[in-house]
Amino acid sequence: MAGRGETVKAENAEAEAIITRIEHKSRKIESLLKQGRPVEALKTALEGSPPKTRDERCKSANWIVVHRAIMAIKDVDALFSALDPEYYDILMKYLYRGLSTGDRPTCDQCLRIHEKLTEKAGMGCILRSLADTVNTV
């Protein structure tokens, strides 16, 4: 039984470390948004995402950071001229998470970005994001 208790403590410590990193990332994103650099903010939000954990607190904290950056994007065409293809699949995962909220402004923004992302990255991006059960957001 002591082994399980130690495992839970280790998992909690890991989750707290991840949340601390997410908080740091959040401050950096807010700074970028204040500087009028929403694409850089989104790149920063997507870096290291999703956190390598199944802890829902970590996933929710990271979603809040990514959501803030997604909602700050005004020019979707400019987003994809500056966003590297390595971010496409993870962005698609977060767009689906945004659509699942049912929040109208979030869904509208996610659909605008989804349309352009699908044009840019193709159907494979959708399939990869849906088929990936390891990296859940």
Side-chain angles (χ1 to χ4, degrees):
M1 295 301 267
R4 175 69 181 139
E6 291 173 9
T7 302
V8 170
K9 285 181 184 177
E11 289 172 357
N12 284 338
E14 179 184 340
E16 291 303 321
I18 292 170
I19 288 174
T20 299
R21 286 194 301 271
I22 293 169
E23 288 170 349
H24 175 72
K25 187 189 321 188
S26 179
R27 287 189 294 275
K28 185 175 180 181
I29 288 164
E30 288 301 322
S31 174
L32 289 167
L33 292 175
K34 286 178 185 173
Q35 295 171 27
R37 298 169 56 196
V39 175
E40 290 300 317
L42 183 59
K43 285 181 183 179
T44 301
L46 295 173
E47 288 171 0
S49 292
K52 302 293 185 216
T53 181
R54 295 265 181 217
D55 188 297
E56 287 303 317
R57 294 174 306 152
C58 296
K59 291 179 185 189
S60 293
N62 206 61
W63 160 245
I64 291 167
V65 170
V66 173
H67 177 260
R68 176 75 177 96
I70 285 173
M71 296 305 288
I73 299 294
K74 302 296 180 220
D75 185 352
V76 178
D77 291 323
L79 167 66
F80 289 107
S81 65
L83 191 66
D84 299 326
E86 70 187 79
Y87 295 105
Y88 291 173
D89 290 358
I90 191 64
L91 175 58
M92 185 66 79
K93 284 180 144 318
Y94 279 108
L95 294 177
Y96 286 126
R97 173 142 187 187
L99 290 169
S100 74
T101 66
D103 175 62
R104 183 153 194 138
T106 299
C107 290
D108 289 348
Q109 179 73 338
C110 287
L111 284 172
R112 276 192 292 278
I113 296 172
H114 184 277
E115 178 184 19
K116 295 295 183 181
L117 179 55
T118 303
E119 287 175 13
K120 186 83 169 174
M123 297 297 285
C125 184
I126 295 171
L127 295 173
R128 285 187 300 276
S129 72
L130 294 175
D132 182 2
T133 58
V134 174
N135 298 310
T136 58
V137 299

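One finds no salt bridge joining E40 and K28 here, because no Lys/Arg side-chain nitrogen approaches an Asp/Glu carboxylate oxygen to under 4.0 Å.
Judged by distance alone, with hydrogens and angles left aside, the side-chain atoms of E47 form no donor-acceptor pair with the main-chain N or O of K25 at under 3.5 Å. A donor-acceptor contact shorter than 3.5 Å is absent between the side chain of S26 and the backbone of I22. In this structure a side-chain-to-backbone donor-acceptor pair under 3.5 Å is present from D55 to R57.
For the pair I70/L91, a side-chain contact is recorded, criterion being any heavy-atom separation below 4.5 Å from C-beta on. Proximity of I18 to R21: side-chain heavy atoms (C-beta onward) are separated by under 4.5 Å at one or more points. Counting only heavy atoms from C-beta outward, the side chains of D103 and Q109 never approach each other to under 4.5 Å. A heavy-atom distance below 4.5 Å is found between the side chains of M71 and P105.
The shortest heavy-atom contact between L33 and A41 is CD2-CB, 3.6 Å. Residue A45 comes nearest to N62 through the heavy atom pair O-ND2, 4.3 Å, listed as atom of the first residue, atom of the second, then distance. For G98 against C110, the heavy-atom pair with the smallest separation is CA-SG, 3.8 Å. Shown here for K43 and A82, the closest heavy-atom pair between the two residues is NZ-O, 3.0 Å.
To the nearest 0.5 Å, atoms CG (L42) and CD1 (I113) are separated by 7.0 Å. Summarising the geometry, atom CZ belonging to R128 is positioned 11.5 Å from atom NZ belonging to K93; distances are rounded to the nearest 0.5 Å. If you take OG on S81 and CG on D75, they are separated by 7.5 Å, rounding to the nearest 0.5 Å. Separating the CD atom in E119 from the NZ atom in K116 is a distance of 4.5 Å, to the nearest 0.5 Å. The structure places CD1 of I90 at 10.0 Å from SG of C125, a figure rounded to the nearest 0.5 Å. Separation of atoms CG (L117) and OH (Y88) is listed at 7.5 Å; rounding is to 0.5 Å.
L99 and V76 fall within the same hydrophobic cluster, defined by Ile, Leu, Val, Met, Phe, Trp and Tyr side-chain heavy atoms under 4.5 Å apart, directly or through other members. No path of Ile, Leu, Val, Met, Phe, Trp and Tyr side chains, each step under 4.5 Å between heavy atoms, connects L46 with I19, placing them in separate hydrophobic clusters. Two different hydrophobic clusters hold I29 and Y87 under the rule that ILVMFWY side chains link at heavy-atom gaps under 4.5 Å. Linking Ile, Leu, Val, Met, Phe, Trp and Tyr residues whenever their side-chain heavy atoms come within less than 4.5 Å places V66 and L111 in a single cluster. Using a 4.5 Å cut-off between side-chain heavy atoms of Ile, Leu, Val, Met, Phe, Trp and Tyr, with links allowed through other members, Y96 and V65 fall into different hydrophobic clusters.
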If you look only at distance, which donor and acceptor atoms sit under 3.5 Å apart when one is on a side chain in residues 130-137 and the other is two or more places apart or in another chain?
residue: D132; atom: OD1; partner: V134; partner atom: N; Å: 3.0
residue: D132; atom: OD1; partner: N135; partner atom: N; Å: 3.1
residue: D132; atom: OD2; partner: N135; partner atom: ND2; Å: 3.1
residue: T136; atom: OG1; partner: R54; partner atom: NH1; Å: 3.4
residue: T136; atom: OG1; partner: K59; partner atom: NZ; Å: 2.4

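Side-chain contact of S31 with Q35: a donor-acceptor pair under 3.5 Å is present, judged by distance alone.
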